[in-house]
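All values below come from the heavy atoms of this structure, side chains included, with hydrogens, waters and symmetry mates left out. Here is the naming used below: chain letters follow the sequence lines, and residue numbers restart at 1 for every chain.
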Amino acid sequence: MDKMSQLLKLLEKTDYIEINEFRMDFEELELQLMPAVQRVVQQAVTKQAAVQETMKKMEAIEFAPPIKDYPGEVAQVQLGAGSRKPVYLGGQQALYRFEEPQPNPPVVTFDVFDIPMPGLPRPIREHFSDVMDHPGDWAKKAVKDFGANMVTIHLIGTGPKVMDKTPRQAAEDIEEVLQAVDVPLVIGASGDPQKDPIILEAAAAAAEDERCLLASANLDLDYKKVAKAAVDYNHAVLSWAITDINMQKTLNKYLMKEGLTQNDIVMDPTTCALGYGIEFSIDVITRTRLAALKGDKDLQMPMSSGTTNAWGSREAWMKNDAWGPTDYRGPIWEIITGLTMMLCGVDIFMMLHPLSVQLLSEIGSTFTKEYLTTDSPDISNWITELE
Amino acid sequence: MQVTAMDIYRLLPQTNCEDCDEPACGEASCMAFATKLSEKESQLELCTELSEEAFAKLEALLAPAVREITIGTGDKTITIGGDEVLYRYELTYYNPTALVIDIADNLDDAEFTERVKNIEETEFERIGEMLTLDAIALRNASGDAVKFAEAASKLKNAKLPLILCSFDPVAMKAALEKVGDGRPLIYAVNEANMEEMAALALEYNCPVTIFSPNDLEKMKQISRTLREKGINDIVLDPGTFVGEGIGDSLDDFVMIRRLAVEERDDDFRFPILGIPALTWLYEKDEVQGGIKEATIAATLMNKYADVLIFHGTNIWELIPVLTLRQGIYTDPRKPQAVDPGLYEFGEVDQNSPVLMTTNFALTFYTVEGDIKGKTNAYLLVLDTEGRAVDVSLAGGQLNAEAVADLIKETEIEAKVDTRTLIIPGLSAPVSGEIEDESGWNVLVGPRDSSGVPGFIEELKEKS
Ligand code: B12
Ligand code: SF4
């Protein structure tokens, strides 16, 4: 093909032509090309006009974000006071960020135990084996090395079948942790319905005015005692119901009768782990948050997730070559469990693995920002840029 | 804005088939049919008594909030979209998120074949279901039309449907010439290539994706334009930002779905596509990248992604995502249960051990997976209305009387000489009562059923 017919061929495929730097032999142009170029230009112009017509039509279409009004809002709960840096939970006035960013980002609290816990999964023991003998050191490491916003001290050792530690010993462990870190604490007992309220009472007294979260009150134990300890020593209470919104409502009502207010209660609607009924938790937590925003006063408290339940799932801990290393499966199991709860409205997460904590917090931290205010990279060439 | 049975009934003949021999819809009355239709458990086409006009009206009324779209043809078809609600508890979600793996058109032959094989063979069994991947996304990484078309030809015989990824209409056309009859999903239309891509979608009758990162106004404009051209099979990609921008992506996804479901905005009533693969633009470490990619995928799946394109193929990264999908897409209206009764594993005889478990699907299949091929035993499955061992113990469905009845009903006593029942470790609290009620000896087994084969071995050694 000579130059000219090449050019013509090119022009046929073009929608418009720019004649800025168009140089060619004038005679040639006039003699051979003029009619052809004219035709192409004519076609291009018609096509261009049609495109412009579409563009104009398009520009007339406007977009309005689907923002709703909510009659209710989530109560704000302060954790940490006295010698602690406070952390705030809840306070949402809308379901999503594009409607109204939430005032406080989701918070992660690292699990720490009062005994060495040989049963913890290996990927976690790896990070903490050097500090497991002392809850204070353990808590310090969680805060210093892994950026924990809070620490949960589980007084597992108080379990009658574990070490049967006394309320006094429990109080000492609490003091050790309070000394070691200045973040707010969640205080958990062993899960024994008889002993837990007594332990929590002693721990609450030891941490007077530090505004810890006492975990937990439920319908199977003397919740009045737990509520009283919180009122007497200035703490908040975790109100735990097992995937049952009516049970949650009842328990919250009972707790408020004991003198606690919306600002002193955090709910734990139960986290069923990924693959082990996570869909039940999704439903209950979604319904709870929607009820809060609709104005149900008994369900307007922030929510908590026992995300570490994820480690109970087989896929997180069981050795199986066909599934790949547990070193990776475990953390992902914990992240996805927590993340799913976070996207349904949960405000505080009890977690174990540093990497899971980091990834969850990264996503959670975006919840307080306005829509389209972050610098986002240009992804329009991803098809060729991806390796 | 879900359609009620009454809304539907108003448009049906309301004759209860007085003049026909038998209602073609298979229901006793028009109202019953309306109810079935509102629950998506029947097809409108079944009623033979509808005028064309009534049919059209009903069809529009019954169209799901999110359009159902098929990718692929024949036995290589996947369906996406079809959702009616924002929250699964309100009804159920339809058509599980399609999980797709990308493949670059510039891989050498061996790598290409290996990757396709890997994608096709990825599987993970969970709760009696084989979880697999759904499609392959061919990526025009070379930027070259000829290479793209060649790679597309190589995928013609792949076992999965295709997504063709290129913003270049010339490359797209070249690939469609090879595989366009297989109804691949075209990825993607943007403002610059709109006219050409639209023409290709119409020419090859393929569904097409709109790519409009963080710009829903533009997306709406393009969507309207495509629809006016007669294109109805559309997928929306509002961009996947994997860093801090994930907050924007979440907003985009939620806004699109809310507009579709609550406002029935026709420009947005389409499935949404996310690309966790973009993680790898910024993260080169295989482990970190895999964990992050799974995290992004789970985030978007929770908030309405109907298609997700991955780059990583490690099984440990895909298992959690497949598991999440299985959970989110179970139907909350139906208990996840198996038939109660007697099951046999391996070669059983009158001396084989007898085990007991519940009929919760997760429990049953977990136990099955642990004993199948590993031990010979009878398994009694108790009807706990689909509840796990400790759940049904707490709720009272697992009780001594129920177990005694199960022993009688299954007539297991006629099959075995032993009168020893091995129960799950978690049901230890009722072991004594079961002994009293059934007259059998009860052995409390391990807490986790993975210990069952070992437990039975030990028993054999002892006796
Ligand atoms: C999901 C869940 C629910 C779901 C139900 C899911 C279902 N369909 O069963 C819902 C939300 C409905 C629910 C309700 C309740 N739940 Co619930 N629930 C759970 C949860 C999170 C997971 C259960 C599960 O899926 N396990 C997985 C299956 C596979 O486990 P599995 O059946 O036990 O099987 C294993 C073993 O038992 C063993 N095994 C099984 N068969 C066999 C056979 C043999 C021979 C052997 C040797 C071993 C063996 O191996 C299996 C694999 O590991 C657990 C907590 C937990 N993480 O375990 C709480 C839990 C079981 N629930 C609990 C409670 C109290 C309840 C309720 C009573 C609360 C309420 N709201 O009233 C109700 C009861 C409902 C009823 N029965 O009427 C408590 C039980 C406490 C106790 N032990 O007494 C638990 C432990 C939570 C807790 N920490 O308090 N729950
Ligand atoms: S076939 Fe049509 S007219 Fe007959 S009963 Fe069913 S819905 Fe009514």
Trainee: Just wondering, do A/Phe280 and B/Thr330 contact through their side chains at under 4.5 Å, heavy atoms?
Mentor: no

Trainee: Quick one: OG1 on B/Thr299 to CD1 on A/Ile336, what's the gap to the nearest 0.5 Å?
Mentor: 8.0 Å

Trainee: Check each atom of B/Gln336 against the heavy atoms of chain A and say whether the ones under 4.5 Å are side chain, backbone, both or neither.
Mentor: neither

Trainee: With a 4.5 angstrom heavy-atom cut-off, which part of A/Tyr276 approaches chain B: side chain, backbone, both or neither?
Mentor: both

Trainee: Using non-hydrogen atoms and a 4.5 Å limit, figure out which bit of B/Asn106 sits close to chain A: side chain, backbone, both or neither.
Mentor: neither

Trainee: Take atom CG of B/Asp285 as the centre, draw a 6.0 Å sphere, and report whether it contains more than 12 heavy atoms from other residues, nucleotides or ligands.
Mentor: yes

Trainee: At a heavy-atom distance under 4.5 Å, which candidate from A/Asn381, A/Leu274, A/Thr326 has the highest pair count against chain B?
Mentor: A/Leu274

Trainee: May I have the step-by-step check of side chain to side chain contact (heavy atoms under 4.5 Å, CB included) for A/Ser376 and B/Asn214, ending in yes or no?
Mentor: CA-CA 9 Å; A/Ser376 287; B/Asn214 271 348; 4.1 Å; yes

Trainee: Please state whether the side chain, the backbone, both or neither of B/Met194 comes within less than 4.5 Å of a heavy atom of chain A.
Mentor: side chain

Trainee: Decide yes or no for B/Phe211 and A/Ile379: does some side-chain heavy atom of the first lie under 4.5 Å from some side-chain heavy atom of the second?
Mentor: yes

Trainee: Given that the side chain runs from C-beta out, which part of A/Leu386 has a heavy atom under 4.5 Å from chain B: side chain, backbone, both or neither?
Mentor: both

Trainee: Quick check on the interface: out of A/Glu370, A/Lys369, A/Arg287, A/Glu59, who has the most heavy-atom pairs with chain B under 4.5 Å?
Mentor: A/Arg287

Trainee: Begin from the C-alpha positions of A/Arg329 and B/Glu317 and carry the test salt bridge (Lys or Arg N to Asp or Glu O under 4.0 Å) through to its verdict.
Mentor: CA-CA 7 Å; A/Arg329 272 190 267 134; B/Glu317 149 178 16; over 6 Å; no

Trainee: Give, as side chain, backbone, both or neither, the part of B/Ile222 having an atom under 4.5 angstrom from any heavy atom of chain A.
Mentor: both

Trainee: Using a cut-off of under 4.5 Å on heavy-atom pairs, state which of B/Leu278, B/Ile296, B/Asp105 scores highest against chain A.
Mentor: B/Leu278

Trainee: With a 4.5 angstrom heavy-atom cut-off, is it the side chain or the backbone of A/Ser365 that approaches chain B, or both, or neither?
Mentor: neither

Trainee: For residues A/Glu279 and B/Tyr329, determine if any side-chain heavy atom of one lies less than 4.5 Å from a side-chain heavy atom of the other.
Mentor: no

Trainee: Drop me the distance from A/Leu290's CG to B/Tyr89's OH, to the nearest 0.5 angstrom.
Mentor: 5.0 Å

Trainee: Given side chain to side chain contact (heavy atoms under 4.5 Å, CB included), test B/Leu259 with A/Phe63 step by step and report yes or no.
Mentor: CA-CA 10 Å; B/Leu259 287 164; A/Phe63 170 82; 3.5 Å; yes

Trainee: Which distance, rounded to the nearest 0.5 Å, do you find between the CH2 of B/Trp316 and the CH2 of A/Trp333?
Mentor: 13.0 Å

Trainee: Could you tell me if the side chain of A/Lys57 sits less than 4.5 Å from the side chain of B/Arg224, heavy atoms only?
Mentor: no

Trainee: Return the option, out of B/Asn314, B/Ile246, B/Ile328, B/Asp448, with the maximum number of heavy-atom pairs under 4.5 Å with chain A.
Mentor: B/Asp448

Trainee: Is it the side chain or the backbone of B/Leu362 that comes within 4.5 Å of chain A heavy atoms, both, or neither?
Mentor: side chain

Trainee: Please determine, among B/Lys284, B/Arg139, B/Arg88, the option with the most heavy-atom pairs under 4.5 Å with chain A.
Mentor: B/Arg139

Trainee: Nearest 0.5 Å please: distance from the CG atom of B/Leu324 over to the CD1 atom of A/Ile278.
Mentor: 6.0 Å

Trainee: Mind ranking B/Thr366, B/Asp102, B/Ile127 by heavy-atom pairs under 4.5 Å with chain A and telling me who comes out on top?
Mentor: B/Thr366

Trainee: Checking heavy atoms, do the side chain of B/Glu244, its backbone, both or neither come under 4.5 Å from chain A?
Mentor: both

Trainee: Measuring heavy-atom distances to chain B, does A/Leu95 have an atom under 4.5 Å in its side chain, in its backbone, in both, or in neither?
Mentor: side chain

Trainee: Between B/Arg126 and A/Gly275, what is the shortest heavy-atom contact and its length?
Mentor: NH2-O, 2.9 Å

Trainee: Taking B/Asp251, B/Asn302, B/Asp265 one by one, which has the highest count of heavy-atom pairs under 4.5 Å against chain A?
Mentor: B/Asp251

Trainee: Taking atom CZ as the centre, does B/Arg447 end up with more than 12 heavy-atom neighbours from other residues, nucleotides or ligands that are less than 6.0 angstrom away?
Mentor: no

Trainee: Considering only heavy atoms, which portion of B/Pro320 lies under 4.5 Å from any heavy atom of chain A: side chain, backbone, both, or neither?
Mentor: both

Trainee: Is the A/Trp382-B/Tyr282 ring centre distance short of 6.0 angstrom?
Mentor: no

Trainee: Decide yes or no for A/Tyr96 and B/Lys303: does some side-chain heavy atom of the first lie under 4.5 Å from some side-chain heavy atom of the second?
Mentor: yes

Trainee: Looking at A/Ile61, is its backbone amide N or carbonyl O close enough to the side chain of B/Gln221 to form a donor-acceptor pair, meaning the two atoms are under 3.5 Å apart?
Mentor: yes

Trainee: With a 4.5 angstrom heavy-atom cut-off, is it the side chain or the backbone of A/Leu360 that approaches chain B, or both, or neither?
Mentor: neither

Trainee: Side chain, backbone, both or neither: which part of A/Leu359 has a non-hydrogen atom closer than 4.5 Å to chain B?
Mentor: side chain

Trainee: Using heavy-atom distances under 4.5 Å, tell me whether B/Ala294 contacts chain A through its side chain, its backbone, both, or neither.
Mentor: both

Trainee: Please state whether the side chain, the backbone, both or neither of B/Ala297 comes within less than 4.5 Å of a heavy atom of chain A.
Mentor: neither

Trainee: Please classify the contact of A/Thr366 with chain B as side chain, backbone, both or neither, using a heavy-atom distance under 4.5 Å.
Mentor: side chain

Trainee: Would you please go through residues 314-325 of chain A and name the residues with a non-hydrogen atom below 4.5 Å from one of chain B, in numerical order?
Mentor: A/Arg314, A/Glu315, A/Trp317, A/Met318, A/Ala322, A/Trp323, A/Gly324, A/Pro325

Trainee: Below 4.5 Å, heavy atoms only, C-beta onward: do B/Arg258 and A/Lys68 meet side chain to side chain?
Mentor: yes

Trainee: Go through the atoms of B/Tyr93 and report whether side chain, backbone, both or neither lie under 4.5 Å from a heavy atom of chain A.
Mentor: neither

Trainee: Hey, is NZ on A/Lys56 packed in by over 12 heavy atoms from elsewhere, all under 6.0 Å?
Mentor: no

Trainee: With a 6.0 Å cut-off (strictly less than), is the heavy-atom count around NZ of B/Lys147, excluding the residue itself, greater than 12?
Mentor: no

Trainee: Hey, could you give me the CG/CD1 distance between B/Asp168 and A/Ile383, rounded to the nearest 0.5 Å?
Mentor: 10.0 Å

Trainee: Please identify which of these residues, B/Asp252, B/Leu250, B/Val254, meets the side-chain contact (heavy atoms from CB on, under 4.5 Å) condition with A/Phe98.
Mentor: B/Val254

Trainee: Work out which heavy atom in B/Pro332 is nearest to a heavy atom in A/Asp283; give both atom names and the distance.
Mentor: CB-OD2, 4.2 Å

Trainee: Is chain A contacted by the side chain of B/Thr240, its backbone, both, or neither, given a heavy-atom distance below 4.5 Å?
Mentor: backbone

Trainee: Are any non-hydrogen side-chain atoms of B/Thr295 and A/Ile363 less than 4.5 angstrom apart?
Mentor: yes

Trainee: Which answer fits B/Phe167, side chain, backbone, both or neither, if we ask what part of it has an atom under 4.5 Å from a heavy atom of chain A?
Mentor: both

Trainee: Near A/Glu126 CD, under 6.0 Å, is it more than 12 heavy atoms from other residues, nucleotides or ligands?
Mentor: yes

Trainee: Can you find a pair of side-chain heavy atoms, one from A/Arg97 and one from B/Asp248, that are under 4.5 Å apart?
Mentor: yes

Trainee: Please classify the contact between B/Thr279 and chain A as side chain, backbone, both or neither, with a heavy-atom cut-off of under 4.5 Å.
Mentor: neither

Trainee: How long is the gap from CG on A/Leu343 to CE on B/Met301, to the nearest 0.5 Å?
Mentor: 12.5 Å

